[in-house]
Visitor: 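One structure, as structure tokens, below. Some questions next.
Hydrogens, waters and symmetry mates are skipped; everything else that's a heavy atom, side chains included, is used.
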Amino acid sequence: MAFRIRDALRILGEGGPGQLARFAGERLASYRNFRRWVQSLPPEAAIEELVAVVVHRTHGESQPVYAWQKEREILALLARLQPPQPRRLLEIGTAAGGTLLLLSRVASPEALLVSIDMPEGGFGGGYNLLRTGLYRAFARGAQRIVLIRGDSHRQATRRRLAAALAGERLDFLFIDGDHSAAGIRQDFDDYAPFVRPGGLIALHDIRADPRGWSGEVHRVWPELAARFDGEELVDESGAAGYGIGLLRWPGESRGAG
């Protein structure tokens with residue numbers, strides 16, 4: 001789990017300053033170690049191996065970067081992106097950073113990757129300030145990673161995205177933030193117009209989950225799939241829920257909203 005202020009307060013209350021200091025030291029060490037590992041990866045590292053690391057946390061429970069994804073689903077999405085190597089990507093809802101890492105490996109070596117997420121959010125989202133250096137270390141070659149820690153529903157956040165894009169358009173948009181029906185619709189309506197005509201948009205958690213972890217994405221996805229001839233990347237095996245919806249944006253783009 002991401003280290004949050006409420007975690008620090010809980011540990012301080014239960015174990016005092018000494019336990020909090022030990023916990024913080026161990027967490028920072030895990031960030032440093034994973035950052036070194038990422039920076040040591042060769043350019044030709046197999047994407048299948050990286051997916052296994054972030055999905056199954058093969059570095060152990062203390063591994064700070066991981067993704068709530070099904071292995072076959074995220075591999076299918078990455079396969080759609082790998083041949084064109086998108087140059088401008090946006091992920092809404094970065095959380096523990098696993099999907100952002102994977103996107104950086106299939107994007108162009110000159111790509112701009114933008115993350116929008118709350119300092120703390122629902123559905124496991126949000127990340128603390130200490131993670132920003134770790135996430136920026138995902139950049140390879142001449143890539144740039146821009147981290148916008150804010151509410152995707154605010155106009156100020158859209159302005160920051162427009163400034164980062166500097167008049168360019170997105171090749172790929174991944175929506176995995178607010179999982180309420182209203183929030184999903186707003187993220188789609190606000191950010192799809194930043195995508196170039198013919199660019200790709202993906203939504204995560206399109207399958208219903210009896211535990212409620214997928215939120216209401218499954219209510220919104222059928223509407224979008226019908227409007228834009230959506231494709232479903234779904235692995236029916238294993239746990240319920242998950243699923244990635246993919247569509248090609250046909251519409252006009254814009255610079256800011």
Side-chain angles (χ1 to χ4, degrees), residues 31-54 59 63-67 69 74-117 127-150 152 157-177 191-202 246 248-249 253-256:
Y31 290 1
R32 287 194 300 268
N33 291 338
F34 198 84
R35 177 174 178 164
R36 292 191 189 105
W37 177 77
V38 168
Q39 293 175 326
S40 72
L41 289 171
E44 65 276 9
I47 194 66
E48 294 83 3
E49 296 177 7
L50 296 180
V51 167
V53 169
V54 301
H59 289 207
Q63 177 180 315
V65 174
Y66 50 93
Q69 299 276 359
I74 190 63
L75 278 171
L77 175 62
L78 297 171
R80 301 295 196 282
L81 300 176
Q82 208 163 9
Q85 286 195 312
R87 296 179 61 88
R88 289 167 294 276
L89 305 86
L90 168 63
E91 179 185 35
I92 300 176
T94 295
T99 304
L100 181 64
L101 173 59
L102 296 175
L103 291 175
S104 74
R105 304 304 294 191
V106 299
S108 164
E110 294 83 32
L112 168 68
L113 296 99
V114 182
S115 156
I116 295 176
D117 207 346
Y127 55 85
N128 63 63
L129 187 61
L130 297 176
R131 284 180 169 263
T132 57
L134 174 59
Y135 291 172
R136 290 194 182 101
F138 295 170
R140 60 187 183 88
Q143 287 180 347
R144 287 193 304 128
I145 293 181
V146 175
L147 305 175
I148 300 175
R149 296 176 71 243
S152 64
T157 303
R158 298 194 295 278
R159 287 174 178 161
R160 292 174 67 185
L161 171 64
L165 290 172
E168 299 290 346
R169 301 172 178 177
L170 293 169
D171 297 308
F172 176 66
L173 165 62
F174 190 54
I175 299 176
D176 194 16
Y191 293 94
F194 282 98
V195 179
R196 64 170 176 82
L200 293 174
I201 302 175
L246 187 64
R248 195 169 296 277
W249 177 245
S253 297
R254 70 179 182 198

Visitor: Going by ring-ring contact (aromatic ring centres under 6.0 Å, His included), name the pairs with one or both residues in residues 83-117, residues two or more places apart or in two chains.
Guide: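 For residues 83-117, and leaving out neighbouring residues, there are no ring-ring contact (aromatic ring centres under 6.0 Å, His included) pairs at all.
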Visitor: Using distance only, find each side-chain donor-acceptor pair of residues 79-90 under 3.5 Å and give its atom names and separation, not counting sequence neighbours.
Guide:
residue, atom, partner, partner atom, Å
R80, NH1, A76, O, 3.3
R80, NH2, E231, OE2, 2.3
R88, NE, R169, O, 2.5

Visitor: Using the side-chain contact (heavy atoms from CB on, under 4.5 Å) rule, take W249 and L170 through it: C-alpha gap first, then chi angles, then the decisive distance, then the call.
Guide: CA-CA 10 Å; W249 177 245; L170 293 169; over 6 Å; no
Visitor: Can you tell me how far the NE2 atom of H59 sits from the CH2 atom of W37, to the nearest 0.5 Å?
Guide: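 If I round to the nearest 0.5 Å, the distance is 4.5 Å.
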Visitor: L112 versus E168: any side-chain heavy-atom pair under 4.5 Å?
Guide: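 Not touching, per the 4.5 Å side-chain cut-off.
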Visitor: To the nearest 0.5 Å, what is the distance between CZ (R159) and CD1 (I148)?
Guide: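 Answer rounded to 0.5 Å: 13.0 Å.
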Visitor: Working note: E91 + L113, criterion side-chain contact (heavy atoms from CB on, under 4.5 Å); need CA distance, chi angles, decisive distance, verdict.
Guide: CA-CA 8 Å; E91 179 185 35; L113 296 99; over 6 Å; no
Visitor: Contact between Q63 and V53 at the side-chain level, heavy atoms closer than 4.5 Å - yes or no?
Guide: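 The answer is yes; the side chains approach within 4.5 Å.
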Visitor: Output every pair passing side chain to side chain donor-acceptor pair (under 3.5 Å) with a member in residues 99-110, not counting sequence neighbours, ordered by first then second residue.
Guide: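 Of all non-adjacent pairs touching residues 99-110, those that pass side chain to side chain donor-acceptor pair (under 3.5 Å) are Q69-T99, S108-E110.
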Visitor: With sequence neighbours left out, what residues match R248 under side chain to side chain donor-acceptor pair (under 3.5 Å)?
Guide: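 Side chain to side chain donor-acceptor pair (under 3.5 Å) check on R248 returns nothing, list empty.
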Visitor: Is there side-chain contact between T94 and I116, with heavy atoms separated by less than 4.5 Å?
Guide: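 The answer is no; the side chains never approach within 4.5 Å.
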Visitor: Without placing hydrogens or testing angles, list every side-chain donor-acceptor pair under 3.5 Å for residues 43-50, not counting sequence neighbours.
Guide:
none

Visitor: ring-ring contact (aromatic ring centres under 6.0 Å, His included) with Y135: which residues, sequence neighbours excluded?
Guide: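 So Y135 forms a ring-ring contact (aromatic ring centres under 6.0 Å, His included) with Y127, F138.
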Visitor: Counting distance only, does the side-chain N/O of R136 pair as donor-acceptor with the main-chain N or O of L147 below 3.5 Å?
Guide: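 Checked: no pair found.
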Visitor: Hey, does F194 have a side-chain heavy atom less than 4.5 Å from the side chain of V114?
Guide: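 The answer is no; the side chains never approach within 4.5 Å.
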